[in-house]
Amino acid sequence: MPLTALEIKHAKEGMYADGNGLYLRVQASGAKSWIFRFQLNGKRREMGMGTLEHKTPVEARSEAAQLTAQVRAGIDPIEQRKQLAAQTAQAAKAAEAHAVTFSDAAGDYIKAHRSSWKNAKHAAQWETTLATYAAPIIGNKPVAEVSTEDVLCILSPLWTTKTETASRLRSRMELVLSYAKAMQWRQGENPALWRGHLDALLPAPAKVKKIRHHPALPYTQVAAFMVELKRVKGAGARALEFAILTATRSGEARLAKWDEIDLDAKLWTIPAERMKAKREHWVPLSAQAVELIKALPKIDGNTYLFPGDRDRRPLSDMTLTAVTRRMNESDDKDAPPKWIDPKCGDAIVPHGFRSTFRDWCAEVGHYPRELAEHALAHSLPSRVEAAYHRGTMLERRAPMMQEWGNYIDGAEAKGSEVIPLNAAA
């Protein structure tokens with residue numbers, strides 16, 4: 001028989017049958033709750049149904065009757081409740097994911113990876129690219145609903161006119177969408193994936209627009225260029241001269257500090273945080289590079305070899321480029337630039353001197369590829385190879401850098417008598 005209201009009210013600690021598998025459990029503390037007991041497939045089980053405070057006897061008996069019917073039908077009410085709970089949680093996640101827009105996902109991705117990027121400029125490029133091209137079309141769209149059609153709508157107008165920008169944009173959208181999938185905000189394939197997906201819909205970037213390398217001066221002309229460069233006054237000219245002698249990137253040369261230089265050992269140690277590959281780099285200094293360093297003025301309170309105009313600041317990132325541009329200026333506005341890359345006809349840029357050095361290594365110095373690649377701080381394809389050569393390459397690079405310095409100075413003594421190899425041929 002069902003428990004009466006008085007029996008329920010005055011029940012002491014214990015279990016009280018109410019019928020139909022329903023029990024009232026009374027704790028020592030006086031707390032009362034409903035329990036449903038049943039037997040299925042030879043196993044006795046017990047299922048909580050809530051407290052008396054939140055479920056009246058009438059409600060508990062009605063629910064117990066439904067649970068009894070399920071058991072008779074061979075359904076385990078405990079397992080069914082777990083399934084319903086999982087479905088509810090999945091629906092809640094789906095609703096949450098639907099609320100996350102592409103711009104939300106992009107912002108979270110940038111925030112999560114900002115610390116691993118080289119500088120604030122890189123993060124700004126990410127934000128600007130996505131805000132300019134992707135946000136107007138899919139920025140407010142749930143990231144779960146971004147499709148291949150959306151991606152093509154963004155990329156197609158740029159693919160042939162701004163190929164490099166479009167390629168970077170595609171890569172960034174792919175990373176954001178992969179991040180969204182990892183966060184369970186979307187399911188299925190990545191619509192911005194290139195290999196095996198967009199490569200069937202868009203032409204390869206390399207075929208749309210040929211990659212243009214930095215205009216470089218032929219090595220046969222570098223000595224004459226250095227003669228003229230030495231006549232140019234200013235920290236920018238000396239920084240460019242130093243970058244050419246050491247075959248380093250302009251940023252590495254501009255930011256060189258006095259405490260990185262060991263003149264006795266003729267060695268420049270560039271810290272990992274300033275290197276593109278994020279690994280410490282050692283540069284053997286030729287006699288010419290050492291002489292240049294010794295001639296530099298030291299400014300109290302400024303740690304840089306090539307200080308900028310402002311106190312304790314290095315040169316700006318455009319200073320070395322400005323030097324090459326001034327060296328190409330002429331009183332005759334119609335005259336072509338003096339220092340150009342004959343392959344493309346464009347005026348040279350500071351970074352191009354690394355290519356000049358690389359060509360010289362192969363065609364004049366006849367140095368092996370891995371030696372030149374180490375000098376340029378390029379990442380070798382194999383980590384094992386890179387680790388193996390880490391120590392031995394430094395000793396072998398020192399003579400190479402000295403010969404590079406000598407090549408420049410040897411041609412300097414002859415001045416205009418230097419005959420390009422192609423002319424001699």
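Just so you know, these numbers come straight off a predicted model, no measurement behind them.
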Do [X] side-chain atoms and [Y] backbone N/O form a donor-acceptor pair below 3.5 Å?
{"X": "Glu363", "Y": "Trp360", "result": "no"}
{"X": "Ser62", "Y": "Val58", "result": "no"}
{"X": "Asn328", "Y": "Pro337", "result": "no"}
{"X": "Thr161", "Y": "Pro157", "result": "yes"}
{"X": "Arg354", "Y": "Ala247", "result": "yes"}
{"X": "Asn190", "Y": "Glu174", "result": "yes"}
{"X": "Asp76", "Y": "Ile78", "result": "yes"}
{"X": "Ser156", "Y": "Cys153", "result": "no"}
{"X": "Glu145", "Y": "Pro142", "result": "no"}
{"X": "Thr324", "Y": "Pro350", "result": "no"}

Would you call [X] and [Y] a salt bridge, taking side-chain N to carboxylate O under 4.0 Å as the test?
{"X": "Glu46", "Y": "Arg25", "value": "yes"}
{"X": "Arg254", "Y": "Asp317", "value": "no"}
{"X": "Glu79", "Y": "Lys82", "value": "yes"}
{"X": "Glu291", "Y": "Lys294", "value": "no"}
{"X": "Arg325", "Y": "Glu329", "value": "no"}
{"X": "Lys55", "Y": "Glu63", "value": "yes"}
{"X": "Arg274", "Y": "Glu280", "value": "no"}
{"X": "Glu373", "Y": "Arg358", "value": "yes"}

Does one side chain, of [X] or [Y], offer a donor that lies under 3.5 Å from an acceptor on the other?
{"X": "Ser116", "Y": "His113", "answer": "no"}
{"X": "Gln402", "Y": "Gln288", "answer": "yes"}
{"X": "Thr129", "Y": "Arg172", "answer": "yes"}
{"X": "Glu149", "Y": "Ser147", "answer": "yes"}
{"X": "His197", "Y": "Thr148", "answer": "yes"}

Contact summary for [X] and [Y], nearest pair of heavy atoms:
{"X": "Ala204", "Y": "Trp194", "value": "CA-CZ2, 3.9 Å"}
{"X": "Met275", "Y": "Ala377", "value": "CE-CB, 3.5 Å"}
{"X": "Phe102", "Y": "Met173", "value": "CZ-CG, 4.0 Å"}
{"X": "Ala11", "Y": "Lys32", "value": "O-CE, 4.0 Å"}
{"X": "Met401", "Y": "Leu245", "value": "CE-O, 3.3 Å"}
{"X": "Ala216", "Y": "Ser355", "value": "CB-CB, 3.8 Å"}

Taking the ring centre of each residue, are [X] and [Y] less than 6.0 Å apart?
{"X": "Phe353", "Y": "Phe225", "value": "yes"}
{"X": "Trp258", "Y": "Tyr304", "value": "no"}
{"X": "Tyr219", "Y": "Trp404", "value": "no"}
{"X": "Tyr23", "Y": "Tyr16", "value": "no"}

request  = Quick one: do Glu260 and Lys257 satisfy salt bridge (charged side-chain N to carboxylate O under 4.0 Å, His left out)? Show the steps, please.
outcome  = CA-CA 5 Å; Glu260 298 169 0; Lys257 295 184 177 181; 5.7 Å; no
ask   = After noting the C-alpha distance and the side-chain angles of Arg249 and His351, does the key distance pass the side chain to side chain contact (heavy atoms under 4.5 Å, CB included) rule?
value = CA-CA 6 Å; Arg249 298 176 179 88; His351 196 84; 4.0 Å; yes
ask   = Phe306 versus Leu255: any side-chain heavy-atom pair under 4.5 Å?
value = no
task = Walk me through it: do Thr101 and Ser103 pass the test side-chain hydrogen bond (donor to acceptor under 3.5 Å, both in side chains)?
result = CA-CA 5 Å; Thr101 67; Ser103 289; 4.9 Å; no
message = Please check if the number of heavy atoms outside Gln39 that lie under 6.0 Å from its CD is greater than 12.
response = yes
ask   = Would you find more than 12 non-hydrogen atoms of other residues, nucleotides or ligands less than 6.0 Å from Asp199 atom CG?
value =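 Yes, CG of Asp199 has more than 12 neighbouring heavy atoms, counting only those of other groups under 6.0 Å.
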query = Should the pair Phe242 and Trp268 be assigned to parallel (<30°), tilted (30 to 60°) or perpendicular (>60°) ring geometry?
reply = tilted
